[in-house]
Amino acid sequence: MSNVIVTDHPLIQHKLTIMRDKNTGSKDFRELLTEITMLMGYEITRNIQLEDVEIETPVVKTTCKMVAGKKLGIVPILRAGLGMVDGLVNLIPAAKVGHVGLYRDPETLEPVEYYSKFPTDIEEREMIIVDPMLATGGSAVAAIDILKANGAKTIKLVNLVAAPEGIAEVQKYHSDVDIYVAAIDEKLNDHGYIVPGLGDAGDRIFGTK
Ligand code: URA
């Protein structure tokens, strides 16, 4: 069963509360999302491998640690996932960024892929899917399916706010994928919104309705 890691550092909780407030505008919302993603990045990257490197300080020659091993790839689910890219790229500038675009078929309500582009060496990278809201889990499951079909071997899912229903759905289909969230909310409402949530993340990031 995949691990669910709740990154509920006090600063993250504080910033998320401001994001949830309906009176917070797009500029602040975007900046807070970037800041929280950066803070979550601390946990997300906790397991990355280090290697010894020889360096010379102004005082002596010495051996220190630097990041080695698997390279990372970040994949936002369009469009709200774009709001979580900068926070991780700021932290891991060498990461490559892929994209997955999904829309919901109005009749079947199933997610349909309309765009995808990944790093060519996806098999060798640890791939990190980002999307602020894990609601029904349908998009997350589809995005993971697509990444695996394109060769991804190691995948993490990173969400700002998750509904228990969405977590259960991802765990049902992709028990190998660990899920990082800043908060697990109460439930989904009849319209598929997370409660209490923060509304439509894409609209709040981009100032649309
Ligand atoms: N997507 C959102 O942006 N918000 C929700 O509450 C659920 C899905």
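If you're wondering where the values come from, they're calculated on a predicted model, not measured in any experiment. Residue numbers start at 1 and run along the sequence shown. For ligands, and for the atoms within them, numbers begin at 1 and follow the listed sequence. Because only heavy atoms are used, hydrogens play no part in the values below, and waters and symmetry mates are left out as well, while side chains stay in.
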With a 4.0 Å cut-off, would you call Arg79 and Asp131 a salt bridge?
no

Donor-acceptor check, side chain of His9 to backbone of Leu11, threshold 3.5 angstrom: yes or no?
yes

Checking side chain to side chain contact (heavy atoms under 4.5 Å, CB included) between Leu157 and each of Asp178, Val141, Leu134, which is the one that passes?
Leu134

I'd like to know if Lys187 and Glu165 make a salt bridge, using a cut-off of under 4.0 Å between side-chain N and carboxylate O.
no

Can you pull every nitrogen or oxygen pair between ligand 1 and the protein closer than 3.5 angstrom?
| residue | atom | partner | partner atom | Å |
| --- | --- | --- | --- | --- |
| ligand 1 | 3 (O) | Ala201 | N | 2.8 |
| ligand 1 | 4 (N) | Gly199 | O | 2.7 |
| ligand 1 | 6 (O) | Ile194 | N | 2.8 |

NZ/NE/NH1/NH2 to OD/OE distance under 4.0 Å, Glu35 and Lys15
yes

Between the side chains of Asp121 and Lys71, is the shortest nitrogen-to-carboxylate-oxygen separation below 4.0 Å, so that they form an ion pair?
yes

